[in-house]
Structures are given as structure tokens and as C-alpha cells.
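Beneath this line is the structure, given in C-alpha cells, with notes to follow.
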Amino acid sequence: MSKTIHLYLFKSEKHLAPFLKKKRIEGKKIGFVPTMGALHRGHISLIEKAKDECEIVVCSIFVNPTQFNNAKDLEKYPRTIEHDMEMLLKADCSVLYLPASQEIYPEGKPELKNYDLGYYDKVLEAAFRPGHFQGVANVVYRLMKKVNPAVLYLGQKDFQQIQVIRKMIELENFQTKIEVCEIVRELSGLAMSSRNVRLNEEAWNNAAVISQTLFFLKEKRNEFSSVKALREEGIKRLKKIPDSIVEYLEICDAETLRPVEIIVKGKLTIILTAIWINGVRLIDNILIENKLT
Ligand code: AMP
């Protein structure tokens, strides 16, 4: 007998909150996957992990204006809601929360909280996208207040974002646990991203060099005389990509995100990069020395 699949759609907290409250009273565990839509297999991997561990999986789709430091980027961000709903149905996700902007920012032009995110708000993504992480911390806070999940599922793809959200959760005293999911890649190695649809065929092919470079650096790290030489080799390879601008490639302690001078065996270390290819900004990273648990 085929199973009937439901996807509950809520556009407002007014209906979402009592629905989730009832589930919580019934003892159901709620997992939450916040997204900006234009869903791909990377997002679905988070839904699947959540489904393995929770009876109720809430996915939100909200293109958050406060995390875009570039108005053009916000305008061009892909929006594919019908396709997204089909993917969520296929993945057997329980709830789609699809708030309008007034629901998240009822005060209109939002008065954002200013979180003390320390070093995480100064380097890497933060250095190139001023205000980005305050926007992320604020929107995830507002979404979490509405969903109140037991577990929050986040992708390693946005590694710095995980540290930022971890910090916000600590500052706001949420009891929510964070689960980190591995990066899902195309066959070429390109990390899946909603922004990939904006790459033309040539740029899409060239973008495979990003992950190839990261894999190379991980594999050959012990053959270089220093971390500095390893980093320079990575930047050299990325700069060869046609029509590209390399913003950064850094080798960091995975917890503090401070650059390391030596790679210590067994100490979780990460190589992170951001690069523009053909006018599209892409990020990727690779963990070395240890898997994230
Ligand atoms: P976004 O819609 O880009 O805000 O992403 C929503 C969530 O999906 C974030 O936790 C991302 O880290 C995660 N995510 C995005 N791309 C991937 C991917 N290729 N593999 C795994 N998770 C991803």
C-alpha cells in the first residue's frame, strides 16, 4: 500500500506555533532545517538526517534581506518555490514554514540585535561581507523562537556560519543541539549551492577547480615545507581559473578560525575559500586532520 505523504505549509507563526506545541506535547522531537530555498541535494541531505532523528522536520524557506550586504545579490538570489515544495514532498519533510518578510521583521526596517560574535565576525566571510553574520544570527534567532526545535541541522558548507549560530545559541540560552551535515557535491566535486544555477556552462566546469584544489591541499599537505607554502600553492591554483577573483584561501584552526602556522596531527584544521567566478561568489571548505562529529 502506498503511503500518503503530507507537507504541511505554514505561512504564519499563528498557525505554526499551536501545531508544533501539540506535537511537542505528544512527545515528538522537532528538527529544524532553515534555508533560503532554491533547494538542491545538499539541503535535502539535511532534511534526511533530520528525518532519521526526529519525528517532525520543519524546513523554513526565507530569503533573508538582512544578511545580504549587496542589493544586487539579494535581487538575483534564485527563487524556485514550486520546485522546492516538490523536493520537500519527495523527501517526506513534515512542515514547510514559508514566512513573509513582515512575519520575521514586523517592525519593517529591522532593529537588529548586535551580537558579540567576537573574532568570527571579523575574518573570512565577515571581512568580505560586512554585517552578514549579524543578519544571519538575527534571522536564525527569530526563526528559532518560532520553531523552538530540539535539534538544528546545519551544513558544513557554511562553516563559519555554524560557529556564529553556535555563539548566538549560547548567548540566547537556547537548549537546541546543533547537528552538522557534510558537504554534498556534484560529481565534479563542485559543492552544491543555490548560486550554482547562475554559472554558465564554462564557469560551472571551471568551478570544479575549487574543490580539486582543496582536495589537493589536503592530500599533499605533508609534502610542503610550510603552511604558508601550502596556502600559496592553493591561491596560485585558484587564480588560474578564468574570470575569477580569489577573495581568500585560509588554513585555520577549525574551532577558533584563527590561521595556523603549523598543522598539528589530530587537531581539527580547516581550509576555507571564497572566490568569484564569472560574477558568482562561491565558497567551499575542507576539514583536515579530523572529522567533525
Ligand atoms: P542556504 O539555503 O544556502 O541558506 O543553506 C541552508 C542550509 O543548507 C545551510 O545550513 C547550508 O550550510 C546547507 N547547505 C547548503 N549547501 C549545502 C551542501 N552542498 N551540502 C550540505 N549542506 C548544504
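Values below: all heavy atoms of this structure, side chains included; hydrogens, waters and symmetry mates excluded. For ligands, and for the atoms within them, numbers begin at 1 and follow the listed sequence.
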Quiz prompt | Heavy atom of the protein closest to atom 3 (O) of ligand 1 (residue, atom name, distance) | solution = Tyr77 OH, 3.9 Å
Quiz item: Hey, which of Lys51, Arg166, Lys49 is the one that makes salt bridge (Lys or Arg N to Asp or Glu O under 4.0 Å) with Glu179?
Solution: Lys49
Practice problem: Please determine if Asp158 has a nitrogen or oxygen closer than 3.5 Å to a nitrogen or oxygen of ligand 1. | Solution: yes
Quiz item: With respect to atom 7 (C) of ligand 1, which of Pro34, Ser60, Cys181 exhibits the smallest heavy-atom separation?
Solution: Pro34
Quiz item: Which of parallel (below 30°), tilted (30 to 60°) and perpendicular (above 60°) describes Phe68 and Tyr77?
Solution: perpendicular
Self-check item: Proximity winner for atom 16 (N) of ligand 1, if only heavy atoms of Gln161, His43, His40, Lys49 are counted
Solution: His40
Quiz item: What about Ser193: any of its N or O atoms under 3.5 Å from an N or O on ligand 1?
Solution: no
Quiz item: Where is the nearest protein heavy atom to atom 10 (O) of ligand 1: which residue, which atom, and how far?
Solution: Gly155 N, 2.9 Å
Exercise. Indicate yes or no: does an N/O atom of Met192 lie under 3.5 Å from an N/O atom of ligand 1?
Key: yes
Quiz item: Taking the six-membered ring for Trp, are Phe19 and Phe10 ring centroids under 6.0 Å apart?
Solution: yes
Quiz item: For ligand 1, is there an N or O atom under 3.5 Å from any N or O atom of Ala191?
Solution: no
Exercise. Among all protein heavy atoms, pick out the one at the shortest distance from atom 21 (C) of ligand 1; state its residue, atom name and that distance to 0.1 Å.
Key: Glu182 O, 3.3 Å
Quiz item: So is Lys113 actually on top of Tyr141's ring, under 6.0 Å and inside 45° of the axis?
Solution: yes
Quiz prompt | Nearest neighbour of atom 22 (N) of ligand 1 from the list Leu46, Val180, Val184, on a heavy-atom basis | solution = Leu46
Self-check item: Polar side-chain atom of His132 near backbone of Arg129 as donor-acceptor pair, under 3.5 Å
Solution: no
Quiz item: Should the pair Phe224 and Phe216 be assigned to parallel (<30°), tilted (30 to 60°) or perpendicular (>60°) ring geometry?
Solution: perpendicular
Practice problem: Establish, yes or no, whether the cationic atom of Arg258 lies under 6.0 Å from the six-membered ring centre of Tyr119 and within 45° of the ring axis. | Solution: yes
Self-check item: Atom indices of ligand 1, in the order listed, that fall short of 4.0 Å to a heavy atom of Met36
Solution: 1 (P), 2 (O), 4 (O)
Self-check item: Numbering as shown, the atoms of ligand 1 that approach Leu154 to under 4.0 Å (heavy-atom distance)
Solution: 10 (O)
Quiz item: Is Ser188 reaching over with its side chain to a backbone N or O of Ala208, donor-acceptor style, under 3.5 angstrom?
Solution: no
